[in-house]
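Atoms within a ligand are numbered from 1 in the order they appear, just like the ligands themselves. Heavy-atom basis, side chains included; hydrogens, waters and symmetry copies ignored.
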Amino acid sequence: MRPQLADPKIERRIDELLRQMTLAEKIGQLVQYSATEERSAKTSAVNTAALNVNPPAPGGVDSFKLAEAGELGSMLNTVGQEITNHFQHAAVDHTRLHIPLLFGADVIHGFRTIFPVPLGTASSWDPELISALAHMAASEARTAGVNWFYSPMVDVARDPRWGRCTEGAGEDPYLGAAIARAYIRGYQGEDLSAAGSVAASVKHFAAYGAAEAGRDYNTTDMSEIRLRQVYLPPYRAAVEAGAATVMSAFNSLNGIPATANPFLLQTILRSEWGFNGPVVSDYTAVMELVRHGIALNGATAAAKAVTAGVDIDMMSHLYDAELPALVKSGRVPVGTIDEAVRRVLRLKFALGLFTQPFTQGSEVTNAVASHRPLARRAAEESFVLLKNGDAGESPLLPLPKNKKIALIGPLADNANDMVGAWSGANNFGDVVTLRSALMEHAQQNGTTLLYAKGSEISGDSEAGFAEAVSAARAADIAVLALGESSDMSGEAASRAHLDLPGNQQKLLESIAAIGKPVVLLVFSGRPLVLDWEASHVAAIMEVWFPGVETGPAIVETLFGDVSPSGKLTMSFPRAVGQEPLYYSQFPTGRPEQFPDPAHPGFVETKYVSKYLDVPNDALFPFGYGLSYTTFTYSNIKVSATTVSVAMLRRNQKAQPVNASATVTNTGHRRATEVVQCYVRILGASVEQPVRNLKGFMRVTLDPGEAKSIQIPLGFEELSFYGRENRPVVEPADYTVWIGGSSTAQQSAHFKMQ
Ligand code: GLC
């Protein structure tokens with residue numbers, strides 16, 4: 001549903017409202033606060049103390065009074081039927097024009113039935129799953145009065161030092177775009193006014209994930225080609241899928257803060273992409289224009305933001321404070337305000353708030369039992385099996401059921417960290433921990449389970465080591481649950497080191513030294529450096545932060561009821577010094593090795609682009625993930641050996657090339673593979689990466705089953721951004737790989753001419 005597709009009847013109602021609105025009422029629609037209000041006798045009968053309402057800071061804002069005066073347009077993270085209806089009654093019943101409020105909230109991986117962090121669900125490469133999860137979250141949140149999500153976060157992230165990579169889909173624009181579309185479908189459905197739909201807010205526009213040095217909020221700077229080819233595609237996909245709103249980012253881009261950047265907010269977002277929904281600033285981002293140094297005061301910050309195209313000021317207290325005088329002085333045309341108000345009202349009509357502003361029915365306050373299976377499936381599909389047995393040895397996983405297992409580590413019996421960043425109400429009691437699920441499994445299957453925490457997540461205490469070593473000695477297999485705490489990723493959570501925090505590696509070393517088989521489960525919000533682990537531990541699985549179904553999902557996977565199918569969407573480095581690290585690198589004039597034409601037979605490996613101390617490639621690359629079976633690829637073909645440039649330029653809808661391959665399950669159990677298609681362009685006017693993802697699909701095969709897959713390639717997949725910063729095709733040589741990761745070797749070729 002694209003609320004932006006103006007409905008003439010609605011537009012006439014908006015015109016009528018605009019004619020009646022005072023300037024204060026118009027500006028009120030552009031103002032967003034969380035719930036604050038004076039607790040006093042005159043406040044409505046509802047006990048605001050029970051509504052978790054914060055009193056306004058001294059000299060602060062009383063959002064309830066603003067709502068009663070018709071000078072508040074939307075609220076931030078004000079959640080719950082009672083409190084949202086409380087404020088909605090103020091806005092609808094007590095005001096002249098009865099304009100309802102929007103209620104926005106940070107729901108990015110579940111509302112009350114929390115599923116894996118987005119970097120985890122992205123590792124499923126399963127857009128249909130993601131749409132179903134998004135719809136589930138929307139259905140739950142609407143019962144609590146929330147009708148707008150500050151989600152999906154689609155920032156491409158290529159540096160895991162940046163903690164917010166946990167909130168997105170990783171390093172690749174093609175996958176990021178597919179996942180962005182999936183979220184919009186799931187959140188908004190076909191009708192924004194439906195009980196299971198909320199307005200999405202695609203964020204953070206734009207290129208927030210390119211923060212220099214992986215330090216959150218830091219500056220971003222890149223060529224327009226890089227911006228358009230790598231960072232913009234997921235936002236564009238979300239807008240084309242009908243995203244109802246966009247959130248402007250904190251970062252500056254090429255010297256202009258995104259929240260006052262006409263190139264982003266006008267030229268690209270509105271003129272090129274035709275977006276005409278509201279743009280909301282990030283939290284106090286309008287005020288932060290003063291800190292960025294492009295505004296000497298709040299009035300200039302407000303003027304620059306609203307003129308650039310930010311319609312709603314989230315929590316800066318500047319639009320309400322400064323816009324009246326700016327409009328009266330003519331510094332901001334009233335037409336600018338009217339257009340912003342129109343976009344906000346259009347969304348409120350599309351959400352059905354003018355006909356049904358209040359929330360009724362039973363409110364979802366905790367994880368919903370009937371929603372747990374989907375959350376569990378999401379967790380199972382998010383796990384990425386990074387290693388399963390050393391070379392030449394039989395796989396360690398899945399585990400046999402009748403063994404003695406020592407479960408060790410600070411993440412094993414830990415509910416709080418299983419929900420990851422942005423987990424809403426933090427209903428930790430909803431979480432089934434790994435230990436509790438393993439205990440239940442042990443009772444049912446005759447497995448003996450020993451447990452020792454071993455260490456904390458952070459710190460250097462070894463007080464628990466002896467107990468852990470003793471448990472491991474007494475067991476057949478040690479399962480280590482190690483990793484980050486959930487607050488080590490997310491907003492303002494960048495890390496300069498990417499190792500296991502604290503002394504967890506030392507704990508692992510002491511367990512590994514015993515010589516028993518070790519399974520390492522890595523709980524993290526980002527890629528970590530697992531270099532030591534990869535050469536000393538038999539099996540390693542990245543489980544991210546799996547959500548309320550952590551325990552059952554891991555147990556089902558450990559014992560083989562489910563085979564892992566996840567594939568990495570961010571490269572795992574060998575060392576943090578490699579960052580930013582991503583598979584679609586550029587070749588440079590001195591790739592890691594190359595034949596020297598001046599010396600036939602000689603391969604240059606010294607004067608090349610490399611480190612002296614670490615190989616260039618990732619420890620575990622983008623698109624990589626193991627299964628409990630094996631898959632082989634054969635018959636990689638393309639349906640054409642030459643493609644006409646002129647034809648494709650004329651007909652950008654054509655798909656002149658079909659890439660195909662045969663995938664075979666060569667193992668002993670049914671499982672799912674994520675088939676990936678990568679393309680390289682050689683000979684173009686602009687240097688292209690060594691390969692780019694241009695297609696993928698999930699394929700489930702029985703043992704011995706083979707399937708032919710087809711991936712169509714058209715203008716979208718075969719073009720690149722040329723020197724004029726727009727997508728072009730040129731005569732060039734194309735290589736197409738199809739395989740189970742970004743290191744796929746089997747390829748086919750064709751010429752564009
Ligand atoms: C935060 C985040 C943004 C979030 C907003 C509202 O600072 O940057 O992602 O939606 O403020 O909480």
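- Summarising the local packing, CZ of Arg215 is surrounded by 12 or fewer heavy atoms from other residues, nucleotides or ligands at distances under 6.0 Å.
- Contacts with ligand 1 closer than 4.0 Å are made by no heavy atom of Met153, backbone or side chain.
- When only non-hydrogen protein atoms are considered, atom 6 (C) of ligand 1 lies nearest to Asp106 OD2, 3.2 Å.
- Of the N or O atoms in Glu491, one or more lie within a sub-3.5 Å distance of an N or O in ligand 1.
- Under a 4.0 angstrom heavy-atom cut-off, Glu167 registers as lying outside contact with ligand 1.
- Between the side chains of Gln32 and Tyr319, no donor-acceptor pair of N or O atoms lies under 3.5 Å.
- With 3.5 Å as the limit, one finds no donor-acceptor pair spanning the side chains of Trp148 and Ser74.
- Atoms of ligand 1 lying under 4.0 Å from at least one heavy atom of Lys203, given by number and element, are 3 (C), 4 (C), 9 (O), 10 (O).
- Shown are Thr220, Asn218, Asp155, Asp216; of these, the side chain to side chain donor-acceptor pair (under 3.5 Å) with Tyr208 is made only by Asp216.
- Heavy-atom proximity to Tyr283, at under 4.0 Å, picks out these atoms of ligand 1: 7 (O), 11 (O).
- Proximity of Arg164 to ligand 1, defined as any heavy-atom pair under 4.0 Å, is confined to the side chain (atoms from C-beta onward).
- Between His204 and ligand 1, at least one N/O pair is under 3.5 Å apart.
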- Item | Stepwise side chain to side chain donor-acceptor pair (under 3.5 Å) test for Asn426 and Asn416 | CA-CA 8 Å; Asn426 290 333; Asn416 295 21; over 6 Å; no
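- Near Asn77, meaning under 4.0 Å from one of its heavy atoms, ligand 1 places the atoms 12 (O).
- Of the polar atoms of Asp282, at least one N or O is found under 3.5 Å from an N or O of ligand 1, judged by distance alone.
- Residue-ligand proximity, Tyr150 to ligand 1, at heavy-atom distances under 4.0 Å covers atoms 10 (O).
- Listed by number with element, the atoms of ligand 1 under 4.0 angstrom from any heavy atom of Phe250 are 7 (O), 8 (O).
- Residues Arg228 and Glu272 are paired through a salt bridge, judged by an N-O separation under 4.0 Å between the basic side chain and the carboxylate.
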- Working for side-chain contact (heavy atoms from CB on, under 4.5 Å), residues Trp544 and Val384: CA-CA 9 Å; Trp544 314 108; Val384 184; 4.2 Å; yes
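- With hydrogens and angles left out, the side-chain atoms of Thr284 and Glu288 include a donor and acceptor closer than 3.5 Å.
- Taking every heavy atom of Leu76 and a limit of under 4.0 angstrom, the matching atoms of ligand 1 come to 6 (C), 12 (O).
- Aromatic ring orientation, Phe149 versus Tyr187: perpendicular (interplanar angle above 60°, classes split at 30° and 60°).
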